[in-house]
Amino acid sequence: MYRLVFSQVLRRFDAEAVHHLTVSALALLARLPLLKRLLHQAFAPHDPALRVSAFGVHFPGPLGLAAGFDKDAACAEAVASLGFGHVEVGTITAHAQPGNPRPRLFRLVPERAVINRMGFNNAGAVAADRRLRRTRGVPVVVGVNIGKTKVVPESEATADYVASARRLAPLADYLVVNVSSPNTPGLRNLQAVSLLRPLLTAVKEVADATPRRTPLLVKIAPDLADEDVDAVAELAVELGLDGIIATNTTIRHGGETGGLSGRPLKARSLEVLRRLRAKVGDRLTLVSAGGVEDADDVWERLLAGATLVQGYTGWIYGGPLWASRIHRQLSRRVRRHGMKSITEAIGRTS
């Protein structure tokens, strides 16, 4: 049914307009306690065999929603009620900003892909702080993804990230430093170890000082050279980070300016994951994102060493209950393989 609605109706409308309408509808759902709880009971992962623990946080299932959808922490509870095991909100910047000029979001339907050049459009850390303080009506693991404000020069990037971390780290189940979006000029330069070390060190000091020590991860681009992937992995281990998210969108495509996500990113994302696992083993939590479309993809990422998996573009093409459906399929697969827990699959082919 969803495929018919998407092909005949949704794809005819501007992609960003549909995005904002969806977020608004889910934000409304998040304010309806009874309906939200009923949906959570029906569609959220409840199978004990799917539970995963990472950096001291307990997840009801391995598949979560990647950053980029809920940019302002407006609807995480509603998203979780549709079947996601965690929701990563953001990217959030210290200061509110409108993002890049429209049009800035494009569907590539035959490729089951999306190109975006949104540019971290969000209401800023202060607004996100207010939303994250709301009492959660249903259980949901919320990660907070932070990035650099566009007008802040590279020389002041560390202070900008620290300002966001001070406000949001105490409210997050985990915190992510995003230095890999292609849509903020100069941002990817911060992936160079010489610039990344002081930035991560400063943010980690803030995360470590929260009342329960907020886990800290860094999100990297698929376009890094292999030796740079290795260098970031070594730095993450050296600094005692909790994990790495691999990967963000790619600029290696022939379409509109911006980052490409979806099916074309699948092979490189898996390649980076395998390289990271070979480099760090189980010393860091690896979160795999990029080109995740179905239960087979999630299973393959787990076997390759990911503890958690994230999707977003797959949800656009898969429909509202995409994550719930994948978690149900994973439950059956765990039992078919004679496992007691999905964690037994992690790293089996690494």
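One-based numbering along the sequence shown. Side chains are part of it too, since the values below use all heavy atoms of this structure and drop only hydrogens, waters and symmetry mates.
- Looking at H86, its side chain never comes within 3.5 Å of a backbone N or O of L65 through a donor-acceptor pair.
- Side-chain atoms of W315 come within 3.5 Å of backbone atoms of G319 as a donor-acceptor pair (strictly under, hydrogens ignored).
- Side-chain atoms of R348 come within 3.5 Å of backbone atoms of E344 as a donor-acceptor pair (strictly under, hydrogens ignored).
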Quiz item: Passes salt bridge (Lys or Arg N to Asp or Glu O under 4.0 Å), D242 versus R213? Steps please.
Solution: CA-CA 11 Å; D242 295 275; R213 198 197 79 81; 2.7 Å; yes
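- A salt bridge does not link K148 with D160: none of the charged nitrogens is closer than 4.0 Å to a carboxylate oxygen.
- Residues V126 and V89 do not share a hydrophobic cluster, clusters being chains of Ile/Leu/Val/Met/Phe/Trp/Tyr side chains in contact below 4.5 Å.
- In the hydrophobic clustering (ILVMFWY side chains linked at under 4.5 Å, chained through shared members), L108 is joined by F106, I115, L260.
- The cluster map of Ile, Leu, Val, Met, Phe, Trp and Tyr, joined by side-chain heavy atoms under 4.5 Å apart, puts L29 and L21 in different clusters.
- A donor-acceptor pair under 3.5 Å links the side-chain atoms of S180 to the main chain of K219, judged by distance alone.
- Using a 4.0 Å cut-off between charged nitrogen and carboxylate oxygen, D296 and R333 count as a salt-bridge pair.
- Listed by chain and residue number, R335 satisfy the salt bridge (Lys or Arg N to Asp or Glu O under 4.0 Å) test with D47 (two or more places apart in sequence, or in another chain).
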Quiz item: For T343 and R51, what are the C-alpha separation, side-chain angles and deciding distance, and is it a side chain to side chain contact (heavy atoms under 4.5 Å, CB included)?
Solution: CA-CA 8 Å; T343 58; R51 293 173 187 165; over 6 Å; no
Exercise. Determine, step by step, whether S324 and R328 satisfy the side-chain hydrogen bond (donor to acceptor under 3.5 Å, both in side chains) criterion, reporting the C-alpha distance in whole Å, the side-chain angles of both residues, the deciding distance to 0.1 Å, and the verdict.
Key: CA-CA 6 Å; S324 180; R328 290 197 307 272; 3.1 Å; yes
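- Looking only at distances, a side-chain donor or acceptor of K36 sits under 3.5 Å from a matching main-chain atom of A30.
- For E77 and R134, the salt-bridge test fails: no basic side-chain N is under 4.0 Å from an acidic carboxylate O.
- Side chain of Q191 to backbone of A221: a donor-acceptor contact under 3.5 angstrom is found.
- For the pair S164 (side chain) and A94 (backbone), a donor-acceptor distance under 3.5 Å is present.
- No donor-acceptor pair closer than 3.5 Å links the side chain of R166 to the backbone N or O of A163.
- Ring centroid separation for the pair H327 and H46 does not come in under the 6.0 Å cut-off.
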Quiz item: Can you list the steps and then say if I146 with T93 is a side chain to side chain contact (heavy atoms under 4.5 Å, CB included)?
Solution: CA-CA 6 Å; I146 59 174; T93 54; over 6 Å; no
Side-chain donor-acceptor distances from residues 261-270 under 3.5 Å, at least two apart:
unit_1 : atom_1 : unit_2 : atom_2 : d
S261   : OG     : V114   : O      : 3.4
S261   : OG     : T313   : OG1    : 2.6
R263   : NE     : E293   : OE1    : 3.0
R263   : NE     : E293   : OE2    : 3.3
R263   : NH2    : E293   : OE2    : 3.2
K266   : NZ     : E293   : OE1    : 2.9
K266   : NZ     : D297   : OD1    : 3.4
K266   : NZ     : D297   : OD2    : 3.1
R268   : NE     : P222   : O      : 2.8
R268   : NH1    : D226   : OD1    : 3.3
R268   : NH1    : E271   : OE1    : 3.1
R268   : NH2    : L224   : O      : 2.9
R268   : NH2    : D226   : OD1    : 3.3
S269   : OG     : A289   : O      : 2.6
S269   : OG     : R301   : NH1    : 3.2

Practice problem: Decide salt bridge (Lys or Arg N to Asp or Glu O under 4.0 Å) for E256 and R104; before the verdict, give the C-alpha distance in whole Å, the side-chain angles of both, and the deciding distance to 0.1 Å. | Solution: CA-CA 9 Å; E256 294 276 352; R104 54 192 182 180; over 6 Å; no
Quiz item: Are R188 and D223 close enough, and set up right, to give a salt bridge (Lys or Arg N to Asp or Glu O under 4.0 Å), and what steps lead you there?
Solution: CA-CA 10 Å; R188 287 190 169 192; D223 306 318; 2.6 Å; yes
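- We find that R130 and D72 are not joined by a salt bridge, their nearest charged nitrogen and carboxylate oxygen being 4.0 Å or further apart.
- Comment: R274 engages E300 in a salt bridge, judged by a side-chain N to carboxylate O separation of less than 4.0 angstrom.
- Remark: side-chain polar atoms of N122 are paired, donor with acceptor, to backbone N or O of F120 under 3.5 angstrom.
- H58 and S53 form a side-chain donor-acceptor contact under 3.5 Å, judged by distance and modelled atom types alone.
- Aromatic ring pairs are classed by plane angle as parallel below 30°, tilted from 30° to 60° and perpendicular above 60°; the pair F84 and W322 is tilted.
- Using cut-offs of 30° and 60° on the angle between ring planes, the pair H19 and Y312 is tilted.
- N248 places no side-chain N or O within 3.5 Å of a backbone atom of I220 that could act as its donor or acceptor partner.
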